[in-house]
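What follows is one structure encoded as structure tokens, with my remarks underneath.
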Number of protein chains: 2
Amino acid sequence: ERVVVSGVTYNKNEAKIEIMHVPDVPGIAAKLFKPIADANIVVDMIIQTSSTEKGFADVAFTVPKSDFSKTLQIVKSSLKEIGGKEINADENIAKVSIVGVGMRSHSSVAAQMFSALAKEGINIHMISTSEIKISCIIDAKYTELAVRALHDAFGLDKPEVTEER
Amino acid sequence: ERVVVSGVTYNKNEAKIEIMHVPDVPGIAAKLFKPIADANIVVDMIIQTSSTEKGFADVAFTVPKSDFSKTLQIVKSSLKEIGGKEINADENIAKVSIVGVGMRSHSSVAAQMFSALAKEGINIHMISTSEIKISCIIDAKYTELAVRALHDAFGLDKPEVTEER
Ligand SMILES: C[C@@H](O)[C@H](N)C(=O)O
Ligand SMILES: C[C@@H](O)[C@H](N)C(=O)O
């Protein structure tokens, strides 16, 4: 598959919420997301990794900025039932993504994206990938710099920048 | 958008590697993935969340089982340079995913998937989402049970099960 990184997208309308150190047992993810779904809040990225301590996990997700405080309220009220240790939340974030077909079979694309952001001193707070897209959560203030750096890194002349949604 | 969960896919050919507690500073993700890319190893899911301790992050990813020990070797040799604390690795995993258009705007779809797996006592080790797909990493031994449970949960009569790749 020829790699075609065809564009860069960004989204400044999201906020991130992370629940640290939840018990890594069946049912926890369902308990966390059910009340959020019941409130009709659209969740965008959901990511989970193991926590540093064995038997625990860290779960992070993004929601529209407009739903940030409502979601935070819901998560705070279920933190005890879920057994989470703490909540990290940040509204001043942006999601920058590169999109293209065939990216998956070229693992250098991800490394190139991370290097391009590193060269500009932009810290990556969250990463999530799919077959056609690699997304990084960064500080909102670096959005324009990140978009430009990614254009240069992937030789996209006429910036095909689309703001998501 | 009408939610259309059109199918369930699974992939038993992957292995997961997690690098715990890396410094959350620019350049670390690039240092981690560059040598893996240079070895032409195709990385599938990449996810990163913050670590429990402020200033650190946990990064996880999956590679084809056939590249598992080679990748582990590479990661072990760069662990010091990256400043990671430890590596978790597991070959006995499977990725189960639900796919469909319009999933993003229906946050109950994710909660339903997590509940369906919880009802069967299946623990979710990693989660990653995109606009058209929600993927969970589970123990390989539960693959068939998970696929059946997800079919039932989303009312998919004629199982449209596809094994990825
Ligand atoms: C942390 C959470 O995902 C848990 N492992 C579950 O299966 O629900
Ligand atoms: C952990 C790693 O992603 C780091 N934050 C970076 O920007 O590279």
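To find a chain, count down the sequence lines: A is the first, B the second, and so on, and within it residues start at 1. As the structure is a prediction and not an experimental result, all values here were calculated from the model.
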| query | Non-hydrogen atoms of chain A under 4.5 Å away: do they reach the side chain of B:Leu117, the backbone, both or neither? | reply | neither
| task | Search all heavy atoms of A:Pro26 against all heavy atoms of B:Gly121 and return the closest pair with its distance. | result | CG-O, 3.5 Å
| task | Would you check if the side chain of B:Thr49 reaches a backbone N or O of A:Thr49 as a donor-acceptor pair within less than 3.5 Å? | result | no
| message | Once rounded to the nearest 0.5 Å, what's the spacing between atom OG of B:Ser108 and atom CG of A:Asp38? | response | 8.5 Å
| request: Examine whether an atom of A:Glu53 lies under 4.5 Å from a heavy atom of chain B, and if so say whether it belongs to the side chain, the backbone or both; otherwise answer neither. | output: neither
| query | Going only through I, L, V, M, F, W and Y residues with side-chain contacts under 4.5 Å, is there a path from B:Ile17 to B:Phe33? | reply | yes
| How about A:Lys54 and B:Met20: do any of their side-chain heavy atoms sit closer than 4.5 Å? | no
| Which residue pairs pass the ring-ring contact (aromatic ring centres under 6.0 Å, His included) test with at least one member in residues 119-141 of chain A, sequence neighbours excluded? | none
| Do A:Ile127 and A:Met45 share a hydrophobic cluster, counting only Ile, Leu, Val, Met, Phe, Trp and Tyr and linking them when any side-chain heavy atoms are less than 4.5 Å apart? | no
| query | Most heavy-atom pairs under 4.5 angstrom with chain B, which of A:Ile132, A:Val59, A:Val63, A:Val43? | reply | A:Val43
| task | Using the rule that two of Ile, Leu, Val, Met, Phe, Trp, Tyr join whenever any of their side-chain heavy atoms come within less than 4.5 Å, decide whether A:Leu32 and A:Phe68 are in one cluster. | result | yes
| note | Cut-off 4.5 Å, heavy atoms of chain A, and the answer for B:Asp58 is both
| said: As an exercise: rank A:Ala30, A:Pro35, A:Ser130, A:Ala118 by heavy-atom pairs under 4.5 Å with chain B and give me the winner. | reply: A:Ala30
| note | Rounded to the nearest 0.5 angstrom, the OG1-CZ distance for B:Thr129 and A:Phe61 is 11.5 Å
| note | Tested for side-chain contact (heavy atoms from CB on, under 4.5 Å) against B:Gln48, the lone hit among A:Ile137, A:Ile124, A:Ile47 is A:Ile124
| Residue, of A:Ser50, A:Ser115, A:Ala116, A:Ser128, that accumulates the most heavy atom pairs under 4.5 Å with chain B | A:Ser50
| message | Taking side chain as everything from C-beta outward and backbone as N, CA, C, O, which of these in B:Glu120 sits under 4.5 Å from a heavy atom of chain A? Side chain, backbone, both or neither. | response | neither
| For A:Lys85, is it the side chain, the backbone, both, or neither that has a heavy atom closer than 4.5 Å to a heavy atom of chain B? | side chain
| field | Which atoms of A:Lys119 approach chain B - backbone, side chain, both or neither, heavy atom under 4.5 Å | value | neither
| message | Treating B:Thr52 as the side-chain partner and A:His21 as the backbone partner, does any N or O pair qualify as donor plus acceptor under 3.5 Å? | response | no
| request: Would you mind telling me which of A:Ile134, A:Ile122, A:Ile36 has the largest number of heavy-atom pairs within less than 4.5 Å of chain B? | output: A:Ile122
| request: Report whether A:Phe56 and A:Ile82 are members of the same hydrophobic cluster (ILVMFWY, side-chain heavy atoms less than 4.5 Å apart, transitive linking). | output: no
| query | How close do B:Ala37 and A:Ala111 get, heavy atom to heavy atom, and via which atoms? | reply | CB-CB, 4.2 Å
| task | Would you mind reporting whether A:Asp24 and B:Asn123 have side-chain heavy atoms less than 4.5 Å apart? | result | yes
| request: Please check if B:Ile46 and A:Val96 belong to a single hydrophobic cluster, counting links between Ile, Leu, Val, Met, Phe, Trp and Tyr side chain heavy atoms closer than 4.5 Å. | output: yes
| message | Take a 6.0 Å sphere around CD of A:Gln73 and say whether it holds more than 12 heavy atoms from other residues, nucleotides or ligands. | response | no
| said: Please classify the contact between A:Ala57 and chain B as side chain, backbone, both or neither, with a heavy-atom cut-off of under 4.5 Å. | reply: neither
| field | chain B interface, residue from A:Glu86, A:Lys34, A:Lys133 that has the most non-hydrogen pairs under 4.5 Å | value | A:Lys133
| request: Pick one of side chain, backbone, both or neither for A:Gln112, based on which atoms fall under 4.5 Å of a heavy atom in chain B. | output: neither
